[in-house]
Amino acid sequence: MASPNDLQFQEFEEAAELLSVDPGASALSMSATNTTTTVTGEGGGEEVKLDLSEDEGGQEESSELLGGQKAGGGFWTFEYYQSFFNVDTVQVLDRVKGSVMPLPGRNFIKHHLRSNPDLYGPFWICVTLVFSVAISGNLSVFLSQMGNPSFHYRPQFHRVTIAAVVIFLYAWLVPIGLWGFLTWRQGAERQIGGYSFLETVCVYGYSLFIYIPTSVLWIIPLEWLRWTLILIAMLISGSVLVLTFWPVVRDDTKVMAVATVATIVVLHTLLAIGCKMYFFQIAVHSPTPAPTAPPAHITLATQPH
């Protein structure tokens, strides 16, 4: 077995012979513990030290400036948008799991995104939710009218368009407004932190996943069950947003922090209740009374004798 001394770096004989022949030759030495390189000029002149160590502080600062924004070419290139979808199945499933199982003290961005936000998950979650709400709403109307002979089922394809407009506007406009507000408050109050725009959109997109199975269960024609499901979905989804954005706004003034969180919860509640009331409303039809024949009027005519 080799001794520790045998494992140490040793000078080569060729280097020693070269220095003995030409003492003024340049020598370059690098240490394992320090990446500073020393170059000695001819004749034992002035030594020049080159620091080859990585600028960790500069890298951290650059990472903070990016704030989750993907680096790439110009916005007109395919590579620029490809970087927003650079995730694998394991990462997406982990983020979906985190969106349906929020835990106190676990920030969704810090524990699941890890400075690598994506648009792949939010995009497909929104697309799936659009069709889930629209199709489930049509089936709900059909099931609620079964047995009604005067009802003629007609697929309401326009609901797909309405669901797409509402869900995608919510998933984009609300994060834009919230990100802009937090950026403004970050400039007004130095102690206020913030997230990047991509991180904000990513959180909102994944928070909508819980409504996909909920909208499927809304097909069951039991009004009390629907309201119970919507309350559970709002509690889970709203908790993801509150646990994520509260650490950012809590250092602001008390009134502003509470108002910001309340606005987030109210907008999220309006989306859930609005979808339920529009796509899953139950029309109550009163039975039409059977028409009755008008009473016959008998006229007696007397004939002259």
Side-chain angles (χ1 to χ4, degrees), residues 68-70 72 75 77-102 106-140 157-179 195-219 229-230 232-234 236-241 243-245 264 267-268 270-272 274-276 278-280:
Q69 301 290 347
K70 305 290 185 178
F75 66 91
T77 62
F78 178 76
E79 290 77 10
Y80 178 82
Y81 298 97
Q82 186 180 17
S83 62
F84 297 148
F85 297 84
N86 188 22
V87 288
D88 54 22
T89 305
V90 176
Q91 291 177 317
V92 173
L93 292 179
D94 177 72
R95 295 171 184 185
V96 169
K97 180 181 177 181
S99 67
V100 298
M101 299 178 61
R106 292 183 65 87
N107 190 313
F108 185 84
I109 291 180
K110 301 298 182 183
H111 291 83
H112 297 284
L113 299 187
R114 298 186 183 92
S115 300
N116 184 30
D118 69 285
L119 293 181
Y120 179 86
F123 174 77
W124 285 112
I125 288 175
C126 290
V127 171
T128 307
L129 183 59
V130 166
F131 287 98
S132 174
V133 169
I135 296 175
S136 299
N138 277 272
L139 292 177
S140 174
F157 294 106
H158 68 279
R159 291 193 170 189
V160 178
T161 304
I162 296 175
V165 172
V166 172
I167 292 174
F168 275 95
L169 285 180
Y170 174 83
W172 282 94
L173 292 184
V174 175
I176 288 176
L178 180 60
W179 172 75
Y195 301 126
S196 67
F197 171 69
L198 188 58
E199 289 172 339
T200 306
V201 173
C202 190
V203 172
Y204 265 85
Y206 279 103
S207 68
L208 296 176
F209 177 82
I210 189 62
Y211 289 109
I212 297 177
T214 302
S215 62
V216 175
L217 294 176
W218 279 345
I219 298 176
L229 292 173
I230 196 174
I232 296 175
M234 287 190 303
I236 295 176
S237 185
S239 298
V240 175
L241 298 178
L243 293 175
T244 300
F245 292 102
I264 294 174
L267 292 177
H268 208 64
L270 290 177
L271 174 69
C275 290
K276 193 273 174 193
Y278 180 79
F279 295 98
F280 298 89

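In this chain, numbering begins with 1 at the start of the sequence shown.
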His268 side-chain N/O to Ile264 backbone N/O, donor-acceptor pair under 3.5 Å = no

All heavy atoms of Gly205 vs all of Pro122, minimum pair found to be CA-CB, 3.7 Å

Give me the ring orientation class for Phe85 and Tyr120: parallel if the planes are under 30° apart, tilted from 30 to 60°, perpendicular past 60°.
-> perpendicular

Could you state the interatomic distance from CZ (Phe123) to OG1 (Thr128), rounded to the nearest 0.5 Å?
-> 9.5 Å

Closest approach of Ala233 and Tyr211, non-hydrogen atoms and distance?
-> CB-CE2, 3.7 Å

Would you mind reporting whether Leu271 and Val174 have side-chain heavy atoms less than 4.5 Å apart?
-> no

Measure the shortest side-chain to side-chain distance between Trp218 and Ile230 over non-hydrogen atoms and say whether it is less than 4.5 angstrom.
-> yes

Grab the two heavy atoms, one from Gly121 and one from Asp118, that are nearest each other, plus how far apart they are.
-> N-OD2, 2.8 Å

State which residue, out of Ser237, Pro117, Ser99, fulfils the side-chain contact (heavy atoms from CB on, under 4.5 Å) condition with Tyr206.
-> Ser99

Nearest-0.5 Å distance that lies between atom SG in Cys126 and atom OH in Tyr170 | 10.5 Å

Considering all heavy atoms, the nearest Ala171-Val201 contact | O-CG1, 4.1 Å

The reported gap from CD in Glu199 to CD1 in Ile109 (rounded to nearest 0.5 angstrom) is 5.0 Å

Apply side chain to side chain contact (heavy atoms under 4.5 Å, CB included) to the pair Phe168 and Val130, showing each step before the final yes or no.
-> CA-CA 9 Å; Phe168 275 95; Val130 166; 4.0 Å; yes

What do the steps show when you test Phe279 against Ile162 for side chain to side chain contact (heavy atoms under 4.5 Å, CB included), and what is the final call?
-> CA-CA 10 Å; Phe279 295 98; Ile162 296 175; 4.2 Å; yes

Roughly how far, to the nearest 0.5 Å, is the CG atom of Leu93 from the CD atom of Gln91?
-> 10.5 Å

Aromatic plane relationship, Phe245 with Tyr204 - under 30° parallel, 30 to 60° tilted, over 60° perpendicular | tilted

Would you say the side chain of Phe280 lies within less than 4.5 Å of the side chain of Ser140, judging by non-hydrogen atoms?
-> yes

Could you pull out the closest heavy-atom pair between Leu208 and Ile125, with the gap in Å?
-> C-CG2, 4.0 Å

Would you indicate whether the side-chain heavy atoms of Thr244 and Tyr195 approach each other to under 4.5 Å?
-> yes

Report the distance from atom CG of Leu113 to atom CZ of Arg95, rounding to the nearest 0.5 Å.
-> 5.0 Å

Which heavy atom in Gly98 sits nearest to a heavy atom in Val240, and how many Å separate them?
-> O-CG2, 4.3 Å

Crowding at CZ, Phe131 (>12 non-hydrogen neighbours, <6.0 Å) = no

Roughly how far, to the nearest 0.5 Å, is CG of Leu119 from CG of Leu198?
-> 5.0 Å

